[in-house]
Each structure stands twice: as structure tokens, then as C-alpha cells.
Amino acid sequence: MKVAKEWRLGSMGDTKILPGSRHRSPLKRPIWIILMVSFVSLFLVCAYIYPPNSDVACYVFSSRGCKVLTDWLPPPKRELTDEEIISRVVVRDILDTPPVESKNPKIAFMFLTPGSLPFEKLWDMFFRGNEGRFSVYIHASKEKLVHVSPYFLNREIHSSPVTWGAFSMVDAERRLLAYALKDPDNQHFVLLSDSCIPLHNFDYVYNYLMHANMSFIDCFVDPGPHGNGRYSTRMLPEVEEKDFRKGAQWFTMRRQHALLVMADSLYYSRFRDYCRPFADGKNCIADEHYLPTFFNLVDPGGIANWSVTRVDWSERKWHPKSYRAQDVTEIAFSLNLWNGHMKLEVIFNGNFGQYSFSC
């Protein structure tokens, strides 16, 4: 039998204390993570807007320097200059305008030479029987010409002195294009020198160029001292180093591209002023850089990035290799008729399948 136990108020001896409720401390949020993310984000934004200019500041990010940011941050957009806006409008309108159809399309052969043409007889054979399908223009900068072919008589244009490596070479090219563009039937334009010869017969060259929906302009990146090493920052902002290109002087181009060259004043002036021999301590050769860079900027998809004129630079000299008698295996100068035209083939040691001319 249970005995009743007396509870006395005020006495804690017999008081049973029940366990109280457990109070949890407030949840601690990762404030330090939020602060760190905010700090890093602010730091990167400031670095993007105000990029570090010193090597010490760059090494805060990586031993690779400032490139560690530019590798993944989008390039900042700049406002175009008035000249750039005008140039882009002109380029767009010329490229968007359908080519003028000619009932008698011709190729303009433009010879840039200091004097008489040593291979004029060879070109006479090349042109013979194809009257009405070509035009000839000669820019002779030094001597009065003596001709042996009727195709070259009275074909000289107004000429000015030309110095190798100087910007006068570009001016001579533009002058030839201007005269050739006066004939609306000229649809393709070929720049040649006094040392150039054809590698195929006229029909082959004519069909190859006329059916190609592009211009054959040599264009490539040369990171060496004779390429991007010639670039001048004084061409900024219109010409950046990443857009600077190099290529052989000899070109063939469509009529639309010839019009673009005539209409250009922006990039022409930049190369005229800042791409000259020994300018800013650099030996910039404008005829090797102006057209490749220009077309890389305004219509990179419209050029082949290679030339149909074969030039051998393997000797690594200022001038290309000269071909000697031992380099020629066959010269078919015979009066063999082929489809009513004189057959002309010049075959050199080596593979020249993609080329139409050799200089």
C-alpha cells in the first residue's frame, strides 16, 4: 500500500525539477562568404573598367600577367570615329550593289614596270586570238617604252616615279586600277610586273578568274619582325595589331573590290602616314600590308587569302627568286592551234597547279 508523501511548499529538498525546454542559438549565416564574393566581384569589375597598366598590378592575378583577364573578359566596345562610320557605309553599299552585267566581260592586265617589258613577245602569244576579251594598261615609272607587240602600243597611262618599298608603289597600283575601271567591261583586274609570265593559256586563265566569285589577294598573319613587327600603334584606333596582315603584292580582284580600293580614304591615309620605310624605327613596306589589312577589315570572306601569282621567297631575300634556264623543263611556244587559239604552256620544275602567273 502506497503511503502518501507530503509536499511542502518552500522546501526544495523534495521538489522535483523538470528539465526545461532547450533553446537553440540563432543560426549563424556564412557572412564571411558573402563578403568575400562581394569583394571579389567588385575587384574584378574595377579591374575591367580600370585595367592595370603595370606589370606589378598584373601579377596580382597571375604570373601570366594581364592576359589572364583579357583571355576571358569580353573586349570593351569603343565608339566608332566619324571616318569609320563613313567608310562602313560606303563599303556596305558597294558590296550590296549587284555587279553590273557586261555583254563583253574582260580581264584588265595591269603592268607595273620601270621600263620596257622583257617578256612582251611571250605576252603577245598569250593574247593572240583573244581580242576583245582583255585590256592592257602599263605604268612605266622610269623609261620610255619600246614595244614589239601591237597589244601594248599606246597602252601607257600617266605615270609617276615609283620607289621600291615606298608608298608610291601603292599609289601606282591605285592609279592602274583607276584607269582600268574607266572601261565598264573590265570585270577582273590583274596586277603584274615586268618579270611576270603566264603559266597557262588564255582560255584557262580567263575561265578561272571570271568564274571565281572572289578576289585572289594574299593575306596572312606574320608574327615575326617582318610582319606584325612593322605595325605602328599610331594607326589606332582604326587599325589594331590583331587585324594587321601581310601578303604578296601581286593580286587579281573583282570589280567590286577594285571600287572599294578606289573609295577608301580612311585606311589608305593610315598606311600612307604610318607604314613607311624606317618610320618609327620600323621598316614597314606598305604594298605588302595595305591591301591584305584593308580587305581583312572590310570583306574578309570575299578574298581567297592566297594569290594566283607564283612568287618564290625561299631564298629569304628582299626580292623573290629569279628563275634561270635550268629551272625550265619545257616551253611550248610552238604554233600549235588548240580550239582555234595558239596554245601556250610554260612548265617549271615544281607544282604550279593553283597558279596562273609567275613573277
Side-chain (N186) to main-chain (A180) donor-acceptor, under 3.5 angstrom: yes
ILVMFWY cluster, M262 and F294 together (side-chain gap under 4.5 Å): yes
Q249, H226, R230 screened by side-chain hydrogen bond (donor to acceptor under 3.5 Å, both in side chains) with E288, the one that passes: R230
CE-CD distance between M253 and E173, expressed to the nearest 0.5 angstrom: 8.0 Å
Output field: ring centroids F126/F134 closer than 6.0 Å: no
Short side-chain to backbone donor-acceptor contact, Q256 and I94, under 3.5 Å: yes
CD (E131) with more than 12 external heavy atoms under 6.0 Å: yes
Residue pair D218 / A248: nearest heavy atoms and the distance that separates them: OD2-N, 3.0 Å
F152-F111 aromatic ring centre distance below 6.0 Å: yes
Aromatic ring proximity W123/F119, centre distance under 6.0 Å: no
Partner residues of R175 under the side-chain hydrogen bond (donor to acceptor under 3.5 Å, both in side chains) criterion, sequence neighbours left out: H139
Set of side-chain contact (heavy atoms from CB on, under 4.5 Å) partners for L236, sequence neighbours left out: Y231, T233, E240
Partner set under side-chain hydrogen bond (donor to acceptor under 3.5 Å, both in side chains) for D273, not counting sequence neighbours: none
Donor-acceptor contact below 3.5 Å, side chain R133 vs main chain F202: no
S193 side chain to L112 backbone, donor-acceptor under 3.5 Å: no
Over all atoms of both residues, closest heavy-atom pair of H147 and L153: CB-CD2, 3.8 Å
Ring center gap for Y268 and F167 short of 6.0 angstrom: yes
For F109, the option from W250, F127, F189, Y151 that meets ring-ring contact (aromatic ring centres under 6.0 Å, His included): F127
Test item: D194 side-chain N/O and P114 main-chain N/O as donor-acceptor pair under 3.5 Å: no
Closest heavy-atom pair and its distance - P277, G165: CG-O, 3.2 Å
